[in-house]
Number of protein chains: 2
Amino acid sequence: MSAVTIKSLQHRGLPFQVGGKLWIECKGKKFFGPGPVELLELIQKEGSIIKAARAMGLSYKKAWAIIDSANRMTARPLVITQSGGKKGGGTLVTDEAKKLIIYHRSLRKRFEQFLKNETKRLNR
Amino acid sequence: MSAVTIKSLQHRGLPFQVGGKLWIECKGKKFFGPGPVELLELIQKEGSIIKAARAMGLSYKKAWAIIDSANRMTARPLVITQSGGKKGGGTLVTDEAKKLIIYHRSLRKRFEQFLKNETKRLNR
DNA sequence: AGTCGTTATATTTATAAAGATATGACGATA
DNA sequence: TATCGTCATATCTTTATAAATATAACGACT
């Protein structure tokens with residue numbers, strides 16, 4: 001039995017937590033990971049995708065991909081974009097998007113509570 | 001206003017769902033994604049990592065990485081491995097692991113209920 | 001001593017994801 | 001019509017992840 005390996009302890013105090021991630025999906029394809037809501041909020045604030053991306057430290061390309069993907073899945077558009085014009089263009093978020101933002105905020109709160117409860121249950 | 005883009009609808013009926021993923025983490029580092037529990041269950045059933053891996057369609061390497069990572073984070077080992085011996089060796093799961101498996105099953109049930117509730121809330 | 005199937009690790013090869021850069025279209029305004 | 005900043009897309013490069021392959025140690029058993 002001398003070759004039996006007993007891997008030993010890293011965290012004796014067992015600081016275990018239940019973690020998780022939520023998203024909204026459409027036919028199995030997720031379109032609201034962690035970033036998108038913040039991105040929409042920033043677009044609402046900044047008025048353009050490129051400014052929102054910079055504010056989040058994302059490349060425009062990445063930001064655009066997120067928005068485009070989400071936008072393709074909703075019945076009504078989440079954003080209205082305009083290229084050209086007064087200040088080069090810009091992007092507005094629709095009421096549809098605003099509703100989603102609000103829902104997602106409350107969802108996140110409930111989820112955090114869920115995780116907290118589960119962590120308690122795990123450690124008792 | 002002619003350059004204004006209105007992205008149009010993919011899913012008119014709005015079959016939105018709330019999806020998610022849970023894991024158990026240790027100091028911010030996750031060690032129980034979706035696969036590990038099933039893997040542990042299969043190890044328990046099969047008696048070896050390599051057989052469990054095959055049963056799940058994983059490479060041994062991947063399976064071992066999962067087990068090793070998890071094993072390093074618990075105070076007591078999740079598995080006891082033996083190389084060499086009667087049938088080449090094998091792996092046993094400890095009581096620690098069995099407890100985790102049981103907890104994780106019940107956790108998943110509660111999470112599914114949570115997701116179901118949230119999906120309802122989202123669509124009303 | 002040689003065989004066997006497993007654990008454990010290293011090395012290499014593919015594949016995928018992410019990042020950087022470049023370019024054109026757009027339209028109000030000057 | 002020339003300029004501007006933004007939207008939108010394409011291409012290339014880099015990085016990270018995953019898969020495939022190879023190899024050594026192990027110990028009961030014959």
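Here is how names work: the chains are called A, B, and so on, in the same order as the sequence lines, proteins then strands, and each is numbered from 1.
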Treating primed atoms plus P, OP1 and OP2 as sugar-phosphate and everything else as base, which nucleotides of nucleotides 13-20 of chain C get B, S or - for protein heavy atoms under 4.0 Å? -----SBB
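D:dC7 atom C1' lies 13 Å from atom CG of A:Asn71, rounded to whole Å. Here C:dA28 presents its P atom at 11 Å from NZ of A:Lys86, a figure rounded to the nearest Å. Remark: P of C:dT6 and CH2 of B:Trp64 are 17 Å apart, rounded to the nearest angstrom. In this entry the distance linking NZ of A:Lys87 with P of D:dC7 reads 12 Å, nearest Å. Atom P of nucleotide C:dT6 and atom CD of B:Glu46 are separated by 10 Å, given to the nearest angstrom. As a whole-Å value, the separation of B:Tyr60 OH from D:dA24 C1' is 13 Å. Atom-to-atom, CD of B:Gln82 to C1' of D:dA25 comes out at 13 Å; the value is rounded to the nearest Å. In this structure, A:Leu92 atom CG and D:dT6 atom P are separated by 14 Å, rounded to whole Å.
Taking side-chain N and O atoms only, A:Ser83 has no distance below 4.0 Å to OP1 or OP2 of C:dG27. For A:Thr91, no side-chain nitrogen or oxygen approaches OP1 or OP2 of D:dT6 to under 4.0 Å.
A distance-only check finds a donor-acceptor pair linking the side chain of B:Thr94 to the backbone of B:Pro77 [under 3.5 Å]. Judged by distance alone, with hydrogens and angles left aside, the side-chain atoms of B:Ser69 form no donor-acceptor pair with the main-chain N or O of B:Ala65 at under 3.5 Å.
For A:Lys99 and A:Asp95, the salt-bridge test fails: no basic side-chain N is under 4.0 Å from an acidic carboxylate O. We find that B:Arg105 and B:Glu112 are not joined by a salt bridge, their nearest charged nitrogen and carboxylate oxygen being 4.0 Å or further apart. We find that B:Glu118 and A:Arg108 are not joined by a salt bridge, their nearest charged nitrogen and carboxylate oxygen being 4.0 Å or further apart.
Listed in residue order, the members of residues 48-56 of chain B having a heavy atom less than 4.0 Å from DNA chain C are B:Ser48, B:Ile49, B:Ile50, B:Lys51, B:Arg54.
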Could you check B:Leu107 against A:Leu122 for side chain to side chain contact (heavy atoms under 4.5 Å, CB included), going step by step and ending with a plain yes or no? CA-CA 9 Å; B:Leu107 168 63; A:Leu122 175 61; over 6 Å; no
Side chain to side chain contact (heavy atoms under 4.5 Å, CB included) between A:Leu40 and A:Ile67, intermediate numbers included: CA-CA 8 Å; A:Leu40 277 179; A:Ile67 294 303; 3.9 Å; yes
Evaluate the side chain to side chain contact (heavy atoms under 4.5 Å, CB included) criterion for residues A:Val18 and B:Tyr103: first the C-alpha distance (whole Å), next the side-chain angles of each, then the deciding distance (0.1 Å), finally the verdict. CA-CA 11 Å; A:Val18 181; B:Tyr103 169 75; 3.5 Å; yes
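Remark: B:Asp68 CG to B:Ile66 CD1 distance equals 11.0 Å, nearest 0.5 Å.
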